[in-house]
Amino acid sequence: MASCKDPEAFLAKADEVERLVKGIIANDESAIKDADAFIAKQEGTPPGNASIGVDRTVISSSKSKPQDQAVPPELRAMERDIEERHQRRLEREARANEKKAAGNAMFAAGDFEAAVRAYTDAIAINPAGVALYTNRAQAHLKLKHFRLARDNCDTAIRIDENNVKAHLRRGLACQALGLHEEALASFTTARKVGTAKDRPLVDKYIKEAERQQTVAAKEIEAVKAAHSGVDPDLAHLEIAINDMLGSDSPKTAAALSAAQALLTSVIRQDLFRAKGGLRVLEVVGPQAEANHEQGDSKSDQHQAEPDSKSGKQQQLVAAALDTLAVACKGNDASARAFFALPETLGLTLESAAHDTLMPNAVALLTTCCTESASLTVGFVRGWVSGSFASNLAGIINSPSCATWQAIDATVAHRLCDAAVAMLCKPNQSSENTTGALDWLAALLQDDRARRHVTKCAADLFGRVVAHLDATFAAQDMAGLSSATSVLVMGCNHSALRNHVAKHCLPSIMATTLAAAQILKGAKAGSPAQVFAQGASVACLTAAYNATGDSASALQTPEWLAMLAQHLGTTTTSPVAPMVLNVLSRICKTEDGVAYAAKELPQLVETIIHHAAVTDLSVQKPAARLLAQLARASVACRRRIAAPAQRSVLLDLLKHPDTSVTGNAALCLADCCHDSAVCADLVGTDIVATLLDYAKQDKSALQGNSAIALARLAQGHKAHLLRLKELRGIEILQSRMPKP
């Protein structure tokens with residue numbers, strides 16, 4: 001390039017080549033023809049004989065010439081330059097992707113500020129990365145930096161106007177800023193550029209944006225009406241709201257009373273919401289809490305005297321709660337807005353922990369749960385008498401409640417935090433702790449709540465186990481059940497289950513063993529026996545859920561002896577079904593079966609004894625256990641198939657429950673590895689029974705029955721002849737899966 005005699009001519013030629021390359025990349029027909037003429041001119045070839053081909057950045061001329069001779073030096077230099085730029089871009093993208101991955105990890109961990117910094121570093125390396133801007137926008141949304149989130153989305157849209165995430169997140173940012181028209185426009189664009197897979201989510205956002213736009217319009221209308229003088233009471237209400245949100249307590253009390261009296265129509269409720277009236281608890285609540293704590297710290301002598309100041313503050317909070325209930329009654333928009341205020345919701349929940357404020361807080365929550373579509377109408381029908389926490393648990397568990405999971409994630413998290421705070425409050429009464437545990441167990445039915453409490457798992461489950469120990473010592477069955485319910489529900493999340501297995505299982509096992517000791521000396525029907533049986537079931541359930549697929553922690557002599565004790569008492573014991581389930585968990589592996597068979601010599605006979613009862617809750621785990629034992633141990637097979645025991649197995653094959661018959665067929669199939677067992681079954685109707693099941697269109701039962709028939713036919717000729725006589729071979733072949 002430096003040897004070029006005419007630099008200006010060379011630069012002009014380079015510009016021309018650049019123009020042609022861009023045209024070819026854009027598949028511009030005129031550019032391709034111009035390039036054909038350009039190459040022909042350079043090579044002295046007639047235009048019609050030049051051939052243009054594109055290989056990323058290389059333009060090749062006539063196919064009849066080698067490439068190194070055909071490509072002009074200018075194009076070769078440009079090729080090298082483009083290749084170098086390409087490599088540098090790949091390196092930049094790789095470094096930016098490392099920063100992006102770090103940001104994603106921080107975002108997943110909940111450290112949104114660190115995620116923003118990581119995405120910013122990535123953008124500095126690769127300013128054209130669209131995903132970097134949309135990811136940073138999402139982190140800003142979590143931090144409630146809505147303007148920054150919108151700005152990042154705008155940048156992403158300038159780079160790629162068809163990016164669905166950019167339009168969606170811009171809409172969310174605008175919605176949070178109160179720019180409802182802009183939000184709706186962004187969501188509408190997202191629907192236009194998105195795929196069919198995106199539409200359900202986008203339509204949900206559009207519907208909510210339209211709702212918020214309508215709500216905002218009503219609020220504007222209410223404010224205008226208040227200033228127009230058409231309804232003097234609207235102006236009076238606005239004055240009351242301003243006084244109510246002030247710092248003057250006497251004015252606040254009078255304003256709350258006035259507001260309650262004036263909130264008699266939807267337009268007045270809309271004005272109350274528009275002017276920030278729903279935040280009144282944030283004004284009066286902290287003052288009341290501070291005074292309440294101050295009163296708690298006084299000496300016993302002073303506590304015996306009425307604290308007038310604290311009492312007035314409590315009355316103020318009660319009035320605020322009542323005013324909010326009136327403001328939200330019959331108004332879906334206000335009820336939704338109430339649940340969208342985490343601080344107000346939190347103060348309401350904390351108020352409910354105080355005996356004097358509980359009725360007011362419960363009434364407010366009842367009103368909002370009833371009116372707000374986000375919690376579904378009829379949500380409060382499960383409300384029962386008792387403490388607030390138990391009431392909330394009753395709502396969540398109520399059969400009449402369609403689903404509580406429809407509530408916003410922020411509200412779900414706030415409910416969890418409030419339950420944990422109540423549980424962790426010092427000097428909490430046993431009744432209140434039990435109520436908080438009921439509440440938490442109900443919340444932990446939802447995976448959002450389970451994920452949310454992982455951050456405080458150590459403290460939370462430490463307190464749960466402490467409550468378990470305390471309620472067992474006090475023989476408080478309600479408290480013990482509440483504690484084990486939290487452990488069981490927490491085990492539905494892998495991280496929480498691992499924590500329970502590692503830190504809580506020893507205490508659960510110790511409590512279970514202690515309950516078994518109480519049962520040894522308890523009289524039949526006595527309160528001690530009833531408590532010990534209930535405690536055993538609750539703790540065994542917790543242990544079963546905590547061990548997951550690996551029950552090696554339960555393989556101790558003391559534990560198996562305790563299980564045998566429960567099974568040896570009576571087949572009608574309420575503990576028996578859970579004991580059999582735990583044994584089934586232990587026997588999922590060959591090592592577990594070997595250990596159980598070694599520690600419990602009469603294990604097979606005991607299980608068969610329970611399988612013979614008519615209680616399905618006992619027969620199902622018993623049949624499953626027999627199948628596990630027969631699969632893993634030759635010695636167990638022989639004992640199951642012994643003449644004295646075999647009749648129970650044959651009866652299970654005729655059971656109406658398919659899970660029982662399926663496990664019985666599988667157990668028999670393994671027992672039929674022994675030809676002596678097959679010979680003993682000659683003359684029974686076993687072939688006909690299994691063939692009936694093999695005809696059914698139920699894969700597990702059908703498959704297990706077919707396996708048992710095959711083993712019988714292999715084990716004794718009489719079974720094969722009987723199978724042929726019943727045309728069983730043709731039936732089995734017709735049931736075989738098609739290749």
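Here the structure is a predicted model, which is why all the values come from computation and not from measurement.
Counting only heavy atoms from C-beta outward, the side chains of His180 and Val215 never approach each other to under 4.5 Å. At least one side-chain heavy atom of Thr484 sits less than 4.5 Å from a side-chain heavy atom of Leu468. Two residues are said to be in side-chain contact when any heavy atoms from C-beta on lie closer than 4.5 Å; Ile157 and Asn163 fail this criterion. Under the 4.5 Å side-chain criterion, counting only non-hydrogen atoms from C-beta, Leu437 is not in contact with Ser485. Within the 4.5 Å cutoff, the side chain of Pro127 has no heavy atoms near those of the Ile159 side chain.
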>> The test is side chain to side chain contact (heavy atoms under 4.5 Å, CB included); show your working for Val500 and Ile508 and say whether it passes.
In response: CA-CA 10 Å; Val500 172; Ile508 297 170; 4.3 Å; yes

> Are Arg191 and Asp203 close enough, and set up right, to give a salt bridge (charged side-chain N to carboxylate O under 4.0 Å, His left out), and what steps lead you there?
Replying inline: CA-CA 8 Å; Arg191 193 182 195 282; Asp203 288 343; 2.6 Å; yes

>> With salt bridge (charged side-chain N to carboxylate O under 4.0 Å, His left out) as the criterion, how do Asp459 and Arg463 come out once you've worked through the C-alpha distance, each side chain's angles and the decisive distance to 0.1 Å?
In response: CA-CA 6 Å; Asp459 188 31; Arg463 292 177 184 275; 3.2 Å; yes

>> As a quick check of understanding, evaluate side chain to side chain contact (heavy atoms under 4.5 Å, CB included) for Leu496 and Val453, giving each step before the final call.
In response: CA-CA 9 Å; Leu496 294 179; Val453 300; 3.8 Å; yes

Under 3.5 Å, which donor-acceptor pairs link side chains of residues 100-116 to any protein atom two or more places apart or in another chain?
unit_1, atom_1, unit_2, atom_2, d
Asn104, OD1, Tyr119, OH, 2.6
Asn104, OD1, Asn135, ND2, 3.2
Asp111, OD1, Ala114, N, 3.3

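With sequence neighbours excluded, no residue forms a side chain to side chain donor-acceptor pair (under 3.5 Å) with Arg95. For Ile220, the side-chain contact (heavy atoms from CB on, under 4.5 Å) partners at least two apart in sequence or on another chain are Lys224. For the side chain to side chain donor-acceptor pair (under 3.5 Å) test, residues two or more places apart in sequence or in another chain that qualify with Arg631 are Asp670. Scored by the salt bridge (Lys or Arg N to Asp or Glu O under 4.0 Å) test, Arg211 finds Glu208 as partners (sequence neighbours excluded). Listed by chain and number, the residues in a salt bridge (Lys or Arg N to Asp or Glu O under 4.0 Å) with Asp591 amount to none (sequence neighbours excluded). Taking Arg624 as the reference, nothing meets the salt bridge (Lys or Arg N to Asp or Glu O under 4.0 Å) condition, with sequence neighbours excluded. Here Leu184 pairs with Thr188, Ile206, Ala209, Glu210, Gln213 under the side-chain contact (heavy atoms from CB on, under 4.5 Å) rule; sequence neighbours left out. In this structure, Lys165 has no salt bridge (Lys or Arg N to Asp or Glu O under 4.0 Å) partners at least two apart in sequence or on a different chain.
To the nearest 0.5 angstrom, Gln628 atom CD is 10.5 Å from Ile586 atom CD1. Annotation: the span from Ser584 atom OG to Tyr544 atom OH amounts to 6.0 Å, rounded to 0.5 Å. Leu487 CG to Asn545 CG: the interatomic distance, rounded to the nearest 0.5 Å, is 9.5 Å.
Counting only residues at least two apart or on different chains, no salt bridge (Lys or Arg N to Asp or Glu O under 4.0 Å) pair has a member in residues 115-142. Contacts classified as salt bridge (Lys or Arg N to Asp or Glu O under 4.0 Å) and involving residues 180-189 (residues at least two apart or in different chains) are given here: Arg170-Glu182. Among residues at least two apart or in separate chains, ring-ring contact (aromatic ring centres under 6.0 Å, His included) pairs with a member in residues 181-218 are Phe187-Tyr205.
Residue Lys99 forms a side chain to side chain contact (heavy atoms under 4.5 Å, CB included) with just one option from Thr120, Asn126, Ile125, and that option is Ile125.
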